[in-house]
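Below: one structure, written as structure tokens.
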Amino acid sequence: MMKKMSISTSKTSLVLFLCQIISALDVPLDSKLLEELSQPPTITQQSPKDYIVDPRENIVIQCEAKGKPPPSFSWTRNGTHFDIDKDAQVTMKPNSGTLVINIMNGGKAEAYEGVYQCTARNERGAAISNNIVIRPSRSPLWTKEKLEPNHVREGDSLVLHCRPPVGLPPPIIFWMDNAFQRLPQSERVSQGLNGDLYFSNVQPEDTREDYICYARFNHTQTIQQKQPISVKVFSTKPVTERQPVLLTPTGSTSTKVELRGNVLLLECIAAGLPTPVIRWIKEGGELPANRTFFENFKKTLKIIDVSEADSGNYKCIARNALGSVHHVISVTVKAAPYWITAPRNLVLSPGEDGTLICRANGNPKPSISWLANGVPIAIAPEDPSRKVDGDTIIFSHVQERSSAVYQCNASNEYGYLLANAFVNVLAEPPRILTPANKLYQVIADSPALLDCAYFGSPKPEIEWFKGVKGSILRGNEYVFHDNGTLEIPVAQKNNAGTYTCVARNELGKIQNEVQLEIKDPTMIIKQPEYKVIQRYGQVSFECIIKHDSTLLPTVTWLKDNDELPDDERFLVGKDNLTIMNVTDKDDGTYTCIVNTTLDSVSASAVLTVVAAPPTPAIIYARPNPPFDLELTGQLERSIDLSWIPGDENNSPITSFVIEFEDALHEPGVWRYQTEVPGSQTTAQLKLSPYVNYSFRVIAVNRIGRSQPSEPSEQYLTKSASPDENPANVQGIGSEPDNLVITWEPLKGFQSNGPGLQYKVSWRQKDVDDEWTSVIVANVSKYIVSGTPTFVPYEVKVQALNDLGYAPEPSEVIGHSGEDLPMVAPGNVQVHVINSTLAKVHWDPVPLKSVRGHLQGYKIYYWKVQSLSRRSRRHIEKKILTFRGNKTFGMLPGLEPYSSYKLNVRVVNGKGEGPASPDKVFKTPEGVPSSPSFLKITNPTLDSLTLEWGSPTHPNGVLTSYTLKFQPINNTHELGPLVEIRIPANESSLILKNLNYSTRYKFYFNAQTSVGSGSQITEEAVTIMDEAGILRPAVGAGKGYSEILFATSPVMHTVRPTFYKVQPLYPRIRNVTTAAAETYANISWEYEGPDHANFYVEYGVAGSKEDWKKEIVNGSRSFFVLKGLTPGTAYKVRVGAEGLSGFRSSEDVFETGPAMASRQVDIATQGWFIGLMCAVALLILILLIVCFIRRNKGGKYPVKEKEDAHADPEIQPMKEDDGTFGEYSDAEDHKPLKKGSRTPSDRTVKKEDSDDSLVDYGEGVNGQFNEDGSFIGQYSGKKEKEPAEGNESSEAPSPVNAMNSFV
């Protein structure tokens, strides 16, 4: 039997509401689904347990319930069936269990007092309501009584009793006068909890005739009035003061019982003069904070929401100047039953198990009883799937007939709790509640949540597919929630499309498609920037955006996070905000916010309004360092850092760089933490565990970076297990029988705690082996020994410290050590493509025999011998490497007509395998190289002798040589080309019938059966004819003789065409030196273009110093080097400007030794100068005499030619530069009577000329003055007759010219 105990109406409603919420969570709150599913009744609304009604109005007893099918309702009254059909005053609302008792049409409320209970029933069970106690409210009148006036002495205490009539519910008491004005109350005069009016001491002003107590009955909205009470205060002098005395409660102790959750009210009112002050304490404890209140001038202690912990002794102390009095109230808190675990509705599938748990507490401990469909479970129909175990009902292998509504009743002497919980056994095929083809739109790189709300019994399994015929979705890129939702944590463009959700259980299958569209994120590609503007100027902030073409953005501008001022100076454009005529109030932060239906972005900039700049120029500098760094909001993984910026020095701060120091692992080392915009002065920083942080801030503007701020205070984060594992894990064997596992160790701040170690694990891949693990210290390598050769291993390395392990690491594939390959490539074939290229083929070796990573193949090849020479030479092997698993390779750069050998080897990371058998192949003939040399000797008037060497690389069997030659005139025009074929066994040839005094150019090459090789060229000159042969006429500017020579049978001419060419080989040769003590005369011979600009380079022989360079003035062919050091060997060479750096070969000479310091320079002595002047005068006289004689007799050898032609080319020696005029014979080839001839190789030989420089003077030293003039005396030697046919047509040397002149 349920106990009828009072409990607050609000608490009962809250418990029922929570029960409904809990039960609703078992079945989706889908209206369509709820309409279709069968469900036992559930009470949704009922009247309070203690229901006081107004006797003047109709009584409405609520009872609402839901279920499928809709439930029917019945009532009991005082434990028996209440037949409402037999009482005309009672009706039940349609589709409801709510009763309406008609009192206003003659019924009496007192007749319907009692205990009512509602039952809601359908085919799946019955739910019952609480016992609802109906009582009409009462507001009785005061009984008639005669009240005597109260005569009280001033200073005495007084109590005016109210004693209101007993009503239902109890009335509210208050005191007023005849004018319906509340009587004033104070520490001295106050109303007690029982309604009496207490005077701690009366005063003369308390005298009045109308102390009236009123009782207000809220249910009936009536107020009852007591007869007025008269109080008269009389005075006696003097007024006697008294110590406090308690008016209520009486005695020194009392007790009070209160229920858990109610309001505890304790009262102490004291009499005394002066008026006592009341103070409250709890013995052995503190008054509960936040729940303790003092009322009625601290005479009432109020504690709300009391619990068992509030039990104890409470003492009130009344004190005035004369003493004190106290009273102890012993409070005991009892408890009506309250829920610990209320039973929850169960929705089960046939064959499933479940439990109903009903747990409650109270003081005293409540008893638990169960009912099934409103009937005590002991007498309810049996259910084999049900077993009651105290506060729990256990269901095993339920069937559809097991559906019922169970009631749990928890009761003690202070009240009861009743809860309904149904067991609904359903067998339903799957249903998908998400609308079909629902469209989801998300921003790229954001999470996408695709719903698949479902229901079924048994619970369906959910699978997702992409596309209509796609495969089932699996993998780490998807998250599958229990409610059927598919989550794509980071949606990308390729995730767009149709997704299909399939729900299936043993009763059926259903599917639904939804659409996913991925949109481009909205971005501000040009953000507003910090601006400093002068007052009354104009400023503009830009906000250029980029967005998805299918989304419509809206741009909003804010000032200081509020709307823009309503001012026409603010102009909002499409992508900017312009402020005209800026004033000081425009200073602030302006924010551009871009919104679409899917995302929102914003950017801010600060506007600083300044006065007009001062006259002096603004000095821009780096900002001053920030200061006053402060750490707040300390958490394990984050902290807030704030600072005050330093002076920006006229250049706005664009950003702040935050650095940190880890005093625990890297003291003194500052590392980058983050960077924030210059408008921020706070930053939330992410932290790592087990790091002793301190921070500093650096300000940045356009000028540069500030000095770092002073470091902040240190903050040591707590230790934690590692967040990450080592990176770059590798498994590579160093020997054939080991596996070396390496990794990059974690840095100090990554360890997250002390005791950093690593768990190294490995197992052989593709073999059913368990992991082998070992824990090592903070190192970076571990060697596993005894492994098979080159087998794959799975390897992983996990970090750990004293607090635990890092997350499970990923596995990498490594290999144990390699060994040399075992097998050589087979079936090696060589295909010779041409004389220098061959292609090699081979069969690949089996991969298992490689015993390592296949890197490729190497071809070793070498030349055995040349087939043309049949001679062996030193074998030089060459190697070509072909990467990867190739089966062929090309051999370039082979020598033609040679025998080669080769072999092939496979290569792995350990080295090379065995070589294949040597393969021999031969290259065919090729064209030969150029002949090794070509020399032209023995020049005569009409012949030249050619000698040559065979080619260094014949590249086959030589068949012949080809010689081509042609004349070259003085203007470098080429004459007819003559070609001669020469047998291969010849090594020299004499060319005859050539033109005399003519330069020829020769082209010479060798041939094999394949073709002609490269050619070698040379030039030579036939000598001048001295026999008086007339010079042939020069025709049409050709400059060559028209006389042809007879050709041999192997010679033939080509078409005699001439064309101008540049000389192929300009030459500077026959560099000679004549050195004195401090100077040297350098002369040379030149062949090449006219108008060449020469220079002389010299230096100390054997020295590594740079060459010194002297420019030669004009196109002359000698130069005097001055300023040389006596007794020193010098090197010299001559070059021509503009001829690609062409230079002569080097020559070496040595200056004469220095004279002793006591010797006197004869050239500076007066007598020597006088003697030289006399000699010069004599020579002049002699010359005059000679001229006179020639004019008279004419026996001077050259006189006739001078008289006949008056040749202007004959010039005296130039005294300014020491050079001699050249004699030019323009009409014939007669040589000078006195002089030497220079052979074709341009060397001056003793046997060819008696006029050597040695004949003039006493040696090398002293032949020339420093200006190059000749000072030697004519020796008077008899000139030799020139040999016939050996004269040169070239210009005489300066010495010969002097001989001719003299």
Side-chain angles (χ1 to χ4, degrees), residues 818-933 949-959 984 1005-1016:
E818 301 180 64
D819 206 346
L820 292 177
M822 301 171 59
V823 178
N827 193 23
V828 178
Q829 300 292 330
V830 181
H831 172 60
V832 177
I833 297 175
N834 55 41
S835 60
T836 62
L837 180 66
K839 185 175 184 180
V840 184
H841 291 267
W842 62 88
D843 290 341
V845 301
L847 289 180
K848 289 187 177 179
S849 70
V850 178
R851 301 200 294 179
H853 295 285
L854 175 63
Q855 294 188 356
Y857 292 86
K858 283 187 178 181
I859 299 179
Y860 284 75
Y861 65 100
W862 61 96
K863 180 179 176 181
V864 178
Q865 67 179 16
S866 173
L867 298 178
S868 60
R869 295 177 179 169
R870 302 294 179 183
S871 61
R872 297 181 180 271
R873 64 174 186 173
H874 172 68
I875 296 176
E876 179 184 355
K877 290 188 176 181
K878 297 182 180 180
I879 305 172
L880 283 179
T881 301
F882 300 91
R883 298 291 179 186
N885 194 15
K886 287 199 171 182
T887 59
F888 69 91
M890 306 296 288
L891 299 185
L894 302 177
E895 293 186 13
Y897 205 51
S898 300
S899 176
Y900 281 87
K901 285 186 179 181
L902 65 79
N903 59 53
V904 185
R905 311 177 192 196
V906 66
V907 183
N908 66 10
K910 189 71 172 177
E912 301 174 2
S916 66
D918 290 349
K919 189 77 174 178
V920 179
F921 68 97
K922 299 178 180 178
T923 55
E925 287 188 78
V927 297
S929 63
S930 62
S932 57
F933 67 90
S950 60
T952 306
H953 301 287
N955 296 339
V957 178
L958 294 180
T959 59
N1005 60 10
Q1007 289 87 32
T1008 64
S1009 60
V1010 176
S1012 299
S1014 56
Q1015 65 185 10
I1016 184 173

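A donor-acceptor pair is defined here as one N or O able to donate and one able to accept, closer than 3.5 Å; such a pair exists between the side chain of Ser898 and the backbone of Pro896. Between the side chain of Asn1005 and the backbone N or O of Ser1014 there is no donor-acceptor pair closer than 3.5 Å. Side chain of Ser930 to backbone of Ile1016: no donor-acceptor contact under 3.5 angstrom is found. Side-chain atoms of Asn908 come within 3.5 Å of backbone N or O of Val850 as a donor-acceptor pair. Between the side chain of Thr887 and the main chain of Asp843, no donor-acceptor pair closer than 3.5 Å is present. Looking at Ser929, its side chain never comes within 3.5 Å of a backbone N or O of Pro951 through a donor-acceptor pair.
Across all their heavy atoms, Pro928 and Ser1012 have their closest contact at CD-C, 4.3 Å. Scanning both residues, Leu837 and Met890, for their nearest heavy atoms gives CD2-CE, 3.8 Å. Across all their heavy atoms, Met822 and Pro914 have their closest contact at O-CG, 3.6 Å. Minimum interatomic distance between Pro821 and Gly911 (heavy atoms only, all atoms of both residues): CD-O, 3.8 Å. Of all heavy-atom pairs spanning Ser1009 and Thr959, the tightest one is N-CG2, 3.8 Å.
Between the CD atom in Gln865 and the OH atom in Tyr897 there is a gap of 10.5 Å [rounded to 0.5 Å]. Remark: Leu902 CG to Ser916 OG distance equals 7.0 Å, nearest 0.5 Å.
Applying the salt bridge (Lys or Arg N to Asp or Glu O under 4.0 Å) rule to pairs touching residues 911-921 yields Lys858-Glu912, Arg905-Glu912, sequence neighbours excluded. Identified under the ring-ring contact (aromatic ring centres under 6.0 Å, His included) test for residues 818-851, with sequence neighbours left out: Trp842-Tyr857.
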Quiz item: Could you walk me through whether Thr1008 and Asn955 pass the side chain to side chain contact (heavy atoms under 4.5 Å, CB included) check?
Solution: CA-CA 8 Å; Thr1008 64; Asn955 296 339; 5.6 Å; no
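In this structure, the side chains of Tyr861 and Leu894 come closer than 4.5 Å at one or more pairs of heavy atoms. Side-chain atoms of Val920 and Lys901, non-hydrogen and from C-beta on, do get closer than 4.5 Å to each other. With contacts defined as side-chain heavy-atom distances shorter than 4.5 Å, the pair Ile879/Ile859 does not qualify. Side-chain contact between Val1010 and Pro924 is absent, with no heavy atoms from C-beta onward closer than 4.5 Å. Inter-residue side-chain proximity for Thr923 and Glu895 is flagged as unmet; no heavy-atom pair is nearer than 4.5 Å. Looking only at side-chain heavy atoms (C-beta outward), Ser899 and Leu867 come within less than 4.5 Å of each other. Annotation: side chain of Thr881 is not in contact with side chain of Val907 (no heavy-atom distance under 4.5 Å). The shortest distance between side-chain heavy atoms of Pro917 and Val828 does not fall below 4.5 Å.
Screening Val823, Leu854, Leu820 for a side chain to side chain contact (heavy atoms under 4.5 Å, CB included) involving Val906 leaves a single residue, Leu854.
Remark: Phe888 CZ is loosely packed, at most 12 non-hydrogen atoms of other residues, nucleotides or ligands lying under 6.0 Å away.
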